[in-house]
Amino acid sequence: MKLSRKLGQVSAIAVAAAVLAACASSTPYQPADKSGRGFSEQRIEGNRYRVTFEGNSSTDLETVGNYLLYRAAEVTVQRGFDHFVVADRVLDERTFTRYTYTGFGSPVGFYHNGFGRFGGPGFGGAGFAGGGFVDGYARERTSYKAIADILMFAGDKDARDAAAYDARDVLNNLRPSIRRPAQ
């Protein structure tokens, strides 16, 4: 009986560790999931697409931008074109605060401990609440979503056009930085 209880505790700890690890890792290069994280594209006209990549709060801005360009290059090659021009690009930045409480009771009567700013990094405090002791902190997190309208063309790109990208060069140069989901 004691062995099965210990195994149950070990497996519960392993599951909790796996969940925490999944939360802490950045969004891989993948089709958008139910939450919208990942890449997607929408055909607008014959040679014009809107390409999107959305990351979670562990995905940095550079990765979101690289994944967007990589997807634009993939779409271009898949549709039989050689290069693309970014006609319009938008970056959506979302910042939110995550509050975490530990202990027992309900989180009432928190105070600011003097470090950081209230509601941002460094908020913390402790107090008695609901008949128990509770501790808590807040952490600001930012996630990014990049959207680009691209025009795709056959043949060599105009080297003078800073918004033009050779699709195969983009694929070759960014491929080493692309992290796909674990199989």
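Nearest heavy-atom pair, F81 versus R168, reported as atom, atom and distance to 0.1 Å: O-NH1, 3.8 Å. Across all their heavy atoms, V51 and A72 have their closest contact at CG1-N, 4.0 Å. Of all heavy-atom pairs spanning G155 and D82, the tightest one is N-OD2, 2.6 Å. When all heavy atoms of Q30 and R37 are compared, the closest pair comes out as NE2-O, 3.8 Å.
Put simply, I150 and F39 are part of the same group of oily side chains (I, L, V, M, F, W, Y) that touch within less than 4.5 Å, one to the next.
A donor-acceptor pair is defined here as one N or O able to donate and one able to accept, closer than 3.5 Å; no such pair exists between the side chain of R48 and the backbone of A87.
Qualifying side chain to side chain contact (heavy atoms under 4.5 Å, CB included) partners for L171, counting only residues two or more places apart in sequence or in other chains: Y70, A73, E74, V77, R175.
Side-chain contact between L61 and L91 is present, with heavy atoms from C-beta onward closer than 4.5 Å. At a threshold of 4.5 Å between non-hydrogen side-chain atoms, the residues R180 and P28 do not count as touching. The side-chain heavy atoms of E54 and T27, taken from C-beta on, include no pair separated by under 4.5 Å. Residues R89 and L69 meet the side-chain proximity criterion, which asks for heavy atoms closer than 4.5 Å.
For S58 and R141, the side-chain atoms include at least one donor-acceptor pair closer than 3.5 Å. Remark: the S57 side chain and the S143 side chain contain no N/O donor-acceptor pair separated by less than 3.5 Å. For the residue pair N56 / T59, a side-chain donor-acceptor distance below 3.5 Å is found, with atom types taken as modelled.
Rounding to the nearest 0.5 angstrom, the gap separating the OH atom in Y49 from the CZ atom in R43 is 5.5 Å. Taken to the nearest 0.5 Å, the CD atom of E140 stands 10.0 Å off from the CZ atom of F96. Rounded to the nearest 0.5 angstrom, E41 CD and R79 CZ are separated by 6.0 Å. Note: L151 CG to N47 CG = 5.5 Å, rounded to the nearest 0.5 Å. Atoms CG and CG, from D156 and D166 in turn, are 7.5 Å apart once rounded to the nearest 0.5 Å. Atoms CZ and CG, from R71 and L174 in turn, are 14.0 Å apart once rounded to the nearest 0.5 Å.
Pairs of residues two or more places apart, or lying in two chains, that qualify as ring pair (Phe, Tyr, Trp, His ring centres under 6.0 Å) and include a residue from residues 146-177 are H83-F153, F84-Y165.
The pair R160-D158 meets the salt-bridge criterion, since a charged nitrogen lies less than 4.0 angstrom from a carboxylate oxygen.
Between Y67 and F53, the ring-plane angle classifies as perpendicular under the 30° and 60° cut-offs.
Under the side-chain contact (heavy atoms from CB on, under 4.5 Å) test applied with R50, the options D88, I44, V90 reduce to a single match, I44.
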